[in-house]
Number of protein chains: 2
Amino acid sequence: MNAPDILEDAERHCSKTGVRLTPLRRRVLELVARANAPVKAYDLLSQIDRANASAKPPTVYRALDFLIDAGLVHRVEALNAFVACPQAGHGHAAVLYICEACTKVTEVQGARPGQEHKPRSFTVKRSVIEHYGRCANCQ
Amino acid sequence: MNAPDILEDAERHCSKTGVRLTPLRRRVLELVARANAPVKAYDLLSQIDRANASAKPPTVYRALDFLIDAGLVHRVEALNAFVACPQAGHGHAAVLYICEACTKVTEVQGARPGQEHKPRSFTVKRSVIEHYGRCANCQ
DNA sequence: TTCCGGATGTGATAACATAACAAAATGCAA
DNA sequence: TTGCATTTTGTTATGTTATCACATCCGGAA
């Protein structure tokens, strides 16, 4: 999914849910979406910084936290990086396939996946499911 | 699984596979195993430090890297922490259930789990599967 | 207008991790 | 057993990731 579509989807999602997509947050989302790969927080920071010299780490981490809560961005835990969610609001049961050759991330919406052998009575609140390997183009 | 059993299992595994469990590595494994919860690298460092004032970050990170490669320890990606693997050598397809109330981690050995909707021709090298929630005792 | 709450600015620092090179220990062949 | 290669550990420094605490700004309700 490309950046303009993601942004449009995000706008729609936010106005529907009453979530405030401020200019700063929108800018961060745009940078994440345009990247087409997992982006580091400090890379975002330096990009913001070109327009807004006052940007500091909390600026970008706060925006990212907001976008993650809103289901617009995922955190890639094993990379300490962030990707835009192609489907606003479906962000909480995502499975990520991350190609280590081309860095492309494919997101799959799974219905509570990966719990085949869940211990009895364990209640899952949040799942981190990241598969690393090679995509079809990079075999 | 308790710490002595994990260590014993690790010893057996290492002598069988020719892997060198040096005193330092054994000490780190012991500390991770005794914790019964995910441990931070710098916490390990300060514990080592009491016996060995020369311990520095690379000391513990190197030992952890070794133990992870040997399948004796898992890294919990979303916590930046480490847990002992209860079954030496089966370390590479683990699914972790992490209770956010009591911090207890239950490990399940799954046969390449969580890939229900894998994109065509994606080759998975490594998977990170971490479920956060509440265990049976902490509902 | 005044107050309030959410958002952002700002400086400092905490927490996590690795690079690069030195020294010591270990295993092994001659 | 000596010498050499390899692995492991020590050491200094620094890079990277993330948060805290407090100040300021800004829009809307009273």
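Quick note on labels: first sequence line is chain A, next is B, and so on, each numbered from 1. When reading the values below, keep in mind they use all heavy atoms of this one structure, side chains included, and skip hydrogens, waters and symmetry mates.
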Could you state the atom-to-atom distance from [atom1] of [X] to [atom2] of [N] in whole Å?
X: Leu67(B); N: dT8(D); atom1: CG; atom2: C1'; answer: 14 Å
X: Leu45(B); N: dC16(C); atom1: CG; atom2: P; answer: 11 Å
X: Arg26(A); N: dT8(C); atom1: CZ; atom2: P; answer: 14 Å
X: Asp65(A); N: dA7(C); atom1: CG; atom2: P; answer: 12 Å
X: Arg75(A); N: dT17(D); atom1: CZ; atom2: P; answer: 10 Å
X: Asp43(B); N: dA14(C); atom1: CG; atom2: P; answer: 16 Å
X: Arg27(A); N: dT8(C); atom1: CZ; atom2: P; answer: 14 Å
X: Glu77(A); N: dC16(C); atom1: CD; atom2: P; answer: 14 Å

At under 4.0 Å between heavy atoms, how does the protein contact nucleotides 22-29 of chain D? Give one character per nucleotide, 5' to 3', with B, S or -. --------
Among [options], the one nearest [X] by side-chain distance:
X: Asn80(B); options: dG10(D), dC16(C), dT9(D); answer: dC16(C)
X: Leu24(A); options: dA18(D), dT8(C), dC16(C); answer: dT8(C)
X: Phe82(A); options: dA18(D), dG9(C), dT8(C); answer: dA18(D)
X: Ala41(A); options: dC16(C), dT19(D), dA18(D); answer: dA18(D)

Check: dA17(C) base within 3.5 Å donor-acceptor of Tyr42(B) side chain: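 Under the 3.5 Å cut-off, the side chain and the base do form a donor-acceptor pair.
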For the backbone of Ile98(B) and the side chain of Glu130(B), can you confirm whether one donor and one acceptor N or O come within less than 3.5 Å of each other?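 Pair absent, no side-chain N/O of Glu130(B) close to backbone of Ile98(B).
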Side chain of Gln47(B), backbone of Leu31(B): donor and acceptor closer than 3.5 Å?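 Checking the backbone N and O of Leu31(B) against the side chain of Gln47(B), no donor-acceptor pair under 3.5 Å is found.
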Below 4.5 Å, heavy atoms only, C-beta onward: do Val128(A) and Tyr132(B) meet side chain to side chain?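 Side chain of Val128(A) against side chain of Tyr132(B), heavy atoms only: contact under 4.5 Å found.
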His117(B) side chain near Gln109(A) side chain, heavy-atom distance below 4.5 Å: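 Of all side-chain heavy-atom pairs linking Gln109(A) with His117(B), none is under 4.5 Å.
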Can you see if the side chain of [X] gets near the phosphate of [N] - specifically, an N or O under 4.0 Å from OP1 or OP2?
X: Tyr61(B); N: dA17(C); answer: yes
X: Thr22(B); N: dT9(D); answer: yes
X: Lys40(A); N: dT16(D); answer: no

Do Ile6(B) and Leu96(B) belong to the same hydrophobic cluster, where Ile, Leu, Val, Met, Phe, Trp and Tyr are linked whenever their side-chain heavy atoms lie under 4.5 Å apart, directly or via other members?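 Result: no, two separate clusters.
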For Asn52(A) and for Pro57(B), find the nucleotide of DNA chain C with the closest heavy atom, then tell me which residue's nucleotide is more 5'.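 So the residue in question is Asn52(A).
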Between Thr123(A) and Gln139(B), a side-chain donor and acceptor under 3.5 Å: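 Yes - a donor-acceptor pair under 3.5 Å links their side chains.
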Taking the nucleotide of DNA chain D with the closest heavy atom to each, which residue, Ser54(B) or Phe66(B), is nearer the 5' end?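 It is Phe66(B), whose closest nucleotide lies nearer the 5' terminus.
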Mind telling me whether His131(B) and Tyr97(B) have parallel, tilted or perpendicular rings, with 30° and 60° as the class edges?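 Answer is parallel, since the angle falls under 30°.
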side-chain contact (heavy atoms from CB on, under 4.5 Å) partner of Val32(B), chosen from Leu72(B), Leu64(B), Leu67(B):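 Checked Leu72(B), Leu64(B), Leu67(B) against Val32(B); only one passes side-chain contact (heavy atoms from CB on, under 4.5 Å): Leu64(B).
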